[in-house]
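Data first, discussion second: the structure below is written as structure tokens.
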Amino acid sequence: MTATAARVSRFYTSARRHPWVLGKVADWKIPLGPYTPAQIALAVGGGFLLIKTIGWWSWTGPVPIIAWLLAIWAVRRPKIRGRAPMQAALGWVLLGRQPSGGRIGGRAARDHAPHPLLGSFTIEGAATPEPALKAAPSLAARQRAPRTPHPSPAGPTAAPAMPVGPVSGVQQLLALAQRAGGAR
């Protein structure tokens with residue numbers, strides 16, 4: 001057996017070349033057919049509409065019936081931007097059902113609901129940096145200094161105590177760096 005005799009190939013592409021039609025079996029076909037789904041839908045829907053409205057168009061004679069038959073013939077191979085009308089209509093329906101923000105991971109992308117951002121802050125009188133930088137008075141100096149309360153016009157009230165030394169860690173590091181820098 002030779003290599004050419006062993007190779008056999010067949011192509012069945014005739015089904016791809018012809019559109020989906022109704023009314024063709026082997027070599028036999030319906031008169032004036034075969035018909036596409038668009039033609040069948042127009043024939044059934046248009047025929048039903050013509051029968052229900054015969055009182056309105058009967059005075060025009062055969063004109064509506066001829067227009068109906070011409071419309072059935074005209075949609076035998078319609079294309080809307082290269083697509084069949086049923087698929088084009090389905091595409092428009094699906095496009096209309098898409099969420100306006102699009103999709104993320106298959107789910108509708110929605111903006112988060114707006115909500116007010118509430119918050120507050122307080123600005124307190126900050127101590128000047130001079131007392132924080134000065135060295136704390138020694139115990140002997142504190143004992144020698146007389147304690148005199150400051151008179152208040154509203155009476156004796158407890159005033160907020162000002163910090164003697166650095167309060168935060170950053171202030172402590174700055175004070176330590178300045179002391180070390182001054183000692184050199």
Side-chain angles (χ1 to χ4, degrees), residues 1-129 160 163 166-174:
M1 183 184 291
T2 64
T4 57
R7 292 184 185 175
V8 176
S9 62
R10 293 184 178 97
F11 295 95
Y12 299 98
T13 58
S14 61
R16 293 183 188 158
R17 289 187 199 142
H18 301 289
W20 182 69
V21 292
L22 298 173
K24 183 175 182 180
V25 177
D27 290 334
W28 180 83
K29 64 179 182 174
I30 295 176
L32 302 175
Y35 300 103
T36 64
Q39 286 178 303
I40 293 170
L42 185 63
V44 171
F48 179 76
L49 186 68
L50 285 175
I51 290 171
K52 290 295 183 180
T53 61
I54 197 166
W56 294 350
W57 61 265
S58 62
W59 61 272
T60 61
V63 173
I65 296 174
I66 293 171
W68 173 55
L69 293 173
L70 284 175
I72 292 172
W73 176 81
V75 297
R76 69 189 185 284
R77 288 201 177 127
K79 296 286 182 188
I80 299 172
R81 292 191 181 177
R83 298 174 67 190
M86 298 281 199
Q87 288 136 352
L90 179 64
W92 282 105
V93 168
L94 292 176
L95 180 65
R97 292 188 60 205
Q98 288 291 325
S100 61
R103 293 188 180 275
I104 297 175
R107 292 184 170 183
R110 293 188 181 13
D111 289 334
H112 295 291
H115 60 280
L117 181 60
L118 303 175
S120 64
F121 59 92
T122 305
I123 300 176
E124 295 179 359
T128 57
V167 177
S168 71
V170 174
Q171 288 176 339
Q172 290 174 357
L173 287 173
L174 284 172

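Computed from heavy atoms alone, side chains included, the values below leave out hydrogens, waters and symmetry copies. Just so it is clear, the structure is predicted and the values come from calculations on it, not from any experiment.
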Next on the checklist: Can you confirm whether Leu70 is buried at CG, in the sense that more than 12 heavy atoms of other residues, nucleotides or ligands lie under 6.0 Å from that atom?
Outcome noted: yes

All N/O donor-acceptor pairs, side-chain side in residues 106-115, below 3.5 Å, sequence neighbours left out:
unit_1, atom_1, unit_2, atom_2, d
His115, ND1, Ala113, O, 3.4

Would you list the atom pairs, donor with acceptor, under 3.5 Å between side chains in residues 52-63 and any protein atom, with sequence neighbours excluded?
unit_1, atom_1, unit_2, atom_2, d
Thr53, OG1, Leu49, O, 2.7
Trp57, NE1, Leu50, O, 3.0
Trp57, NE1, Thr53, O, 3.2
Ser58, OG, Ile54, O, 3.3
Trp59, NE1, Trp56, O, 2.8
Thr60, OG1, Trp57, O, 2.6

Item to check | Counterpart residues, side chain to side chain contact (heavy atoms under 4.5 Å, CB included), relative to Val93 (two or more places apart) | outcome: Arg97

Item to check | Shortest non-hydrogen separation from Gln39 to Ile72 and the atoms involved | outcome: NE2-O, 3.0 Å

